[in-house]
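Scroll down for the structure; my scribbles are underneath it.
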Amino acid sequence: MKRIAVLGATGSIGRQALEVCDANPELEVCALASGSSSLDELAHLYPDARTQVGGGVEALLDATEPDVVLNAVVGFAGLPATLWALERGVTLALANKESLVAAGELALAAWERGGGLLLPVDSEHSTVFQCLEGRARATVESIVLTASGGPFRGRTREELAGVSVEEALAHPTWRMGSKITIDSATLANKGLELIEAHFLFGVEYDRIEVVVHPTSVVHALVRLRDGAAFAHLGYPDMRVPISFALAYPERAATPIAPLDLASGLTLEFHAADDEAFPLLRLAREAGERGGTYPCAFNAANEVAVQAFLAGRIGFLDIASSVEQVLAAVDGLPARDLDELVESDAEARRLAAAPAR
């Protein structure tokens, strides 16, 4: 029996994680946390679980002592839970890519001290993790992350100028929350995943490629030095990587249909358009510059996405705002968590300021 703490329980990933737990008698939900009062609607289904709405989750985790922390909190707010699990060697099922992107070396140091398992829940990183298992890292040539291209795949920059929030939220293949759906539409999500892959797998940025794959059947590939490439194929359903992380090292049954290769399945790949979707390029540049530039990228993007969702800025203004913030910050490395929080706050202040 594994005791699971589900953080971000009322979001898309959290609810799907609860579906996985409900279907597996060996997974017991011991803690539920959310920033939404709608958590009360779920709490009565898990009478033995402790619950918390808002605030820091460290006390909840201390009290419940989970075997696995599923961190599906949205954005930088998920950082305390990530560090709590990494420091203590508690298995971390990480769906909150922003905390690893922002914390970078601080998170890696906590992971090394704790010595526990870090199992990525993003479908792309879950794929890479599985393709790398049992392989010497010296045999790996490169990693390829796939992107669906979102609802605006194929559009030019000019054609994106007047798109609406509703259009940006209409993702063609994945069912996700609003923030990550907008990030998918701008390709910021793939930029965050690129930085996350660098920290998770210790692969340099020039060996991490992003390609557009409209059907989202191939979730990632790992190229090896002998010319071979390993890939993970499956229908786009987040319950698969969630189940992998929660049941690891076992593979639990899921209700997901097996891939029907005889149904006329088409696998096509295209280069990403950096001119129409500059956030992917900006994320790579932030990652390569290091220090707190990835933290600033994430913070500025979070602020800009919320402004777009609220109707205060246009779709193309998201990237412009992030670029301005990256040009304004010093990007110096954070020596501790307090300095990281300061860097995050400064980037948010700059992103929220009126356009210059």
Are F297 and Y293 an aromatic pair, judged by ring center distance below 6.0 Å? no
Output field: ring centroids F315/F152 closer than 6.0 Å: yes
Under 4.0 Å between a Lys/Arg side-chain N and an Asp/Glu carboxylate O for K179 and E98? yes
Is it true that R239 and E19 have a side-chain N and a carboxylate O under 4.0 angstrom from each other?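 Here R239 pairs with E19 in a salt bridge, since their nearest N and O are under 4.0 Å apart.
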Distance alone, cut at 3.5 Å: any donor-acceptor contact between the side chains of [X] and [Y]?
X: K2; Y: N24; value: no
X: T64; Y: R50; value: no
X: E268; Y: H270; value: yes
X: S184; Y: N189; value: no
X: H171; Y: S148; value: yes
X: S12; Y: Q16; value: yes
X: D260; Y: Y235; value: no
X: S164; Y: E167; value: yes

One pair to check against salt bridge (Lys or Arg N to Asp or Glu O under 4.0 Å): R207 and E141. What are the steps and the verdict? CA-CA 7 Å; R207 295 168 57 207; E141 181 67 25; 5.8 Å; no
Verify same cluster id: V128, V217 (apolar side-chain graph, 4.5 Å):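 In one cluster with V128: V217, no.
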N96 and V74: which non-hydrogen atoms are nearest, and at how many Å? ND2-C, 3.9 Å
Can R281 and E285 be said to form a salt bridge (Lys or Arg N to Asp or Glu O under 4.0 Å), step by step? CA-CA 6 Å; R281 170 182 56 81; E285 291 174 358; 3.3 Å; yes
Qualifying salt bridge (charged side-chain N to carboxylate O under 4.0 Å, His left out) pairs, either residue in residues 329-340, two or more places apart: R335-E339
